[in-house]
2 protein chains.
Amino acid sequence: MTASAKQLLKKNISKHILLTEEKADEFCELFESRFVKKKESLLKAGEICRFEGFVNKGLFRVYHIDRDGVDQVLYFAAEDWWVTDIDSFTNERPSWLYIEALEDAEILLISKENKEFAYRNIPEIEKLFRIMTQKTHVFLQRRIIDNMSKTADERYIEFIERYPQLFHRLSNLQIAAYLGISHEFLSKIRKKISQKK
Amino acid sequence: MTASAKQLLKKNISKHILLTEEKADEFCELFESRFVKKKESLLKAGEICRFEGFVNKGLFRVYHIDRDGVDQVLYFAAEDWWVTDIDSFTNERPSWLYIEALEDAEILLISKENKEFAYRNIPEIEKLFRIMTQKTHVFLQRRIIDNMSKTADERYIEFIERYPQLFHRLSNLQIAAYLGISHEFLSKIRKKISQKK
DNA sequence: GTAAAAAGTTGAACAAGTTCAATAAATGGA
DNA sequence: TCCATTTATTGAACTTGTTCAACTTTTTAC
């Protein structure tokens, strides 16, 4: 693992909990680095997710492919984000998700065994993941309500405003798959918006 | 707190973690019981949520009212379910949710102070809430994808199949607000289904 | 038991978003 | 650099779901 990757991970942890330098180092030792090429998959539906990952570089999408072969993006994970199928990882159950790199990437991976080791030996880590899961939880609730109460236009505009960095690294196909609309309709929304200006 | 309420709470905890009888009792002592009449609110948008609740009896709905005055139901909580606005509760931030009893209810409430006391003094409790939050997280992910990939008809049928008990305690207005459709359209779906049989 | 309120149904007109097909533009790999 | 592939745009027809209004049925409160 590069020093800068470790730095980013330690900085990320410190956003959520207080941890001594030694304990943070001990925790970081439980990760291994992996380089992933664009379009390469970290996980496919049907497989059991054997990792929880912290993105040091690059960009991933976590998505589902439905019955009709349509992609739905659950979330994107760029630098400083965590990525896994928590259900598959925790319960060792086949996943229904795909995780794929949209850009060449470096990701730090921790196994279930090592995460459980951390839970046992560094009590603060239990808190770390409780807090992180809780934050995601809040975010998911918000998204459910937004999907129910807002039109596609509004959701698109809010996406751009909330994630300007992500926006310019993503194709409209990916954004449409996140917003839950067809990419043709997204194209029409974009036209409408640009005409208004 | 009645003995039966305490029993239900202890049984619920034991579904997620192993806890000695003494520790479970100690944890239960941190809750207080509250009786809530039908249509009474536990929380309103704008307020700070001061509790995390475990439903012993009755039925609650957790919902949002959007700009246009339309209700969106985030979830229902009947016996053996937990209910709170986790964001407002944890971060002492004004809520954007309403929590209201749909039936006369009894709920066991724990304050933030008492929950933090539990975190400090009963380490397993940190794990309990991490696991519960994680389960909710999985459920919310599933719901986001379902809302994107399934029609209202399918979502209605799955709702009935997954929550038959809940279904017969809820009005179609409430179910429509959960599915994210108008109650008129739900009525038409019901007609279509009944004609098929 | 009855009046009022709330919940449920139905139809017609409408709006939001999809699908399909054709074409244009951008990107990527040898 | 050039060819193939992917991404984006556009229009027309279509589907899903909404809105509004009128009406019926059920529930609730006194």
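Values below: all heavy atoms of this structure, side chains included; hydrogens, waters and symmetry mates excluded. In what follows, chains are A, B, ... by sequence order, proteins preceding strands, each numbered from 1.
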>> Does B:Lys38 contact D:dT27 through a side-chain donor or acceptor facing the base, at a distance under 3.5 Å?
In response: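 Donor-acceptor pair under 3.5 Å: no.
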>> Closest-nucleotide mapping onto DNA chain D: is B:Lys188 or B:Lys39 further toward the 5' terminus? I mean the 5' end.
In response: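 Here B:Lys188 is the residue nearer the 5' end.
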>> Using every non-hydrogen atom in the two residues, find where A:Thr90 and A:Lys112 come nearest and quote the distance to one decimal.
In response: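 Scanning both residues, the minimum pair turns out to be O-NZ, 2.8 Å.
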> What is the ring orientation for A:Tyr163 with A:Phe159, classed by angle as parallel under 30°, tilted 30 to 60°, or perpendicular over 60°?
Replying inline: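 Because their plane-to-plane angle lies in the 30° to 60° range, the rings of A:Tyr163 and A:Phe159 count as tilted.
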> Start at the 5' end of DNA chain C and walk down; is the nucleotide closest to B:Gln174 or to A:Lys150 reached first?
Replying inline: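 The residue closer to the strand's 5' end, by nearest nucleotide, is B:Gln174.
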> Is it the case that A:Arg61 places NZ or CZ above or below the six-membered ring of A:Tyr178, under 6.0 angstrom from the centre and within 45 degrees of the axis?
Replying inline: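 No; the conditions do not both hold, so A:Arg61 does not lie above the ring face of A:Tyr178.
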>> Please pick, from D:dA8, C:dG17, C:dG8, the nucleotide with the shortest atom-to-atom distance to any side-chain atom of A:Thr151.
In response: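 Selected nucleotide: C:dG17.
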> If you check the A:Lys191 side chain, which of D:dA8, D:dG11, D:dT19 turns out closest?
Replying inline: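 My answer, after comparing the listed nucleotides, is D:dG11.
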> What integer distance in Å separates A:Arg190:CZ from D:dT10:P?
Replying inline: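 Computing the A:Arg190:CZ to D:dT10:P distance gives 10 Å.
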> Starting at CG of B:Leu170 and ending at C1' of C:dA6, how long is that distance when rounded to a whole Å?
Replying inline: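 These atoms are roughly 16 Å apart.
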> Using a cut-off of less than 4.0 Å, is there contact between a side-chain N or O of B:Lys192 and OP1 or OP2 of C:dT9?
Replying inline: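 The answer is no; no side-chain N or O of B:Lys192 sits under 4.0 Å from OP1 or OP2.
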> With respect to the phosphate group of D:dA8, does any side-chain polar atom (N or O) of A:Asn172 fall under 4.0 Å of OP1 or OP2?
Replying inline: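 A:Asn172 to D:dA8 OP1/OP2: side-chain N or O found under 4.0 Å.
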> Across the strands shown, which category fits A:Ser171 at heavy-atom distances under 4.0 angstrom: base, sugar-phosphate, nothing?
Replying inline: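 Sugar-phosphate: the residue A:Ser171, judged by heavy atoms under 4.0 Å, touches backbone atoms but no base.
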>> If we count only N and O atoms by modelled type, under 3.5 Å, do the side chains of A:Trp96 and A:Asp87 hold a donor and an acceptor together?
In response: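 There is no such pair between these side chains.
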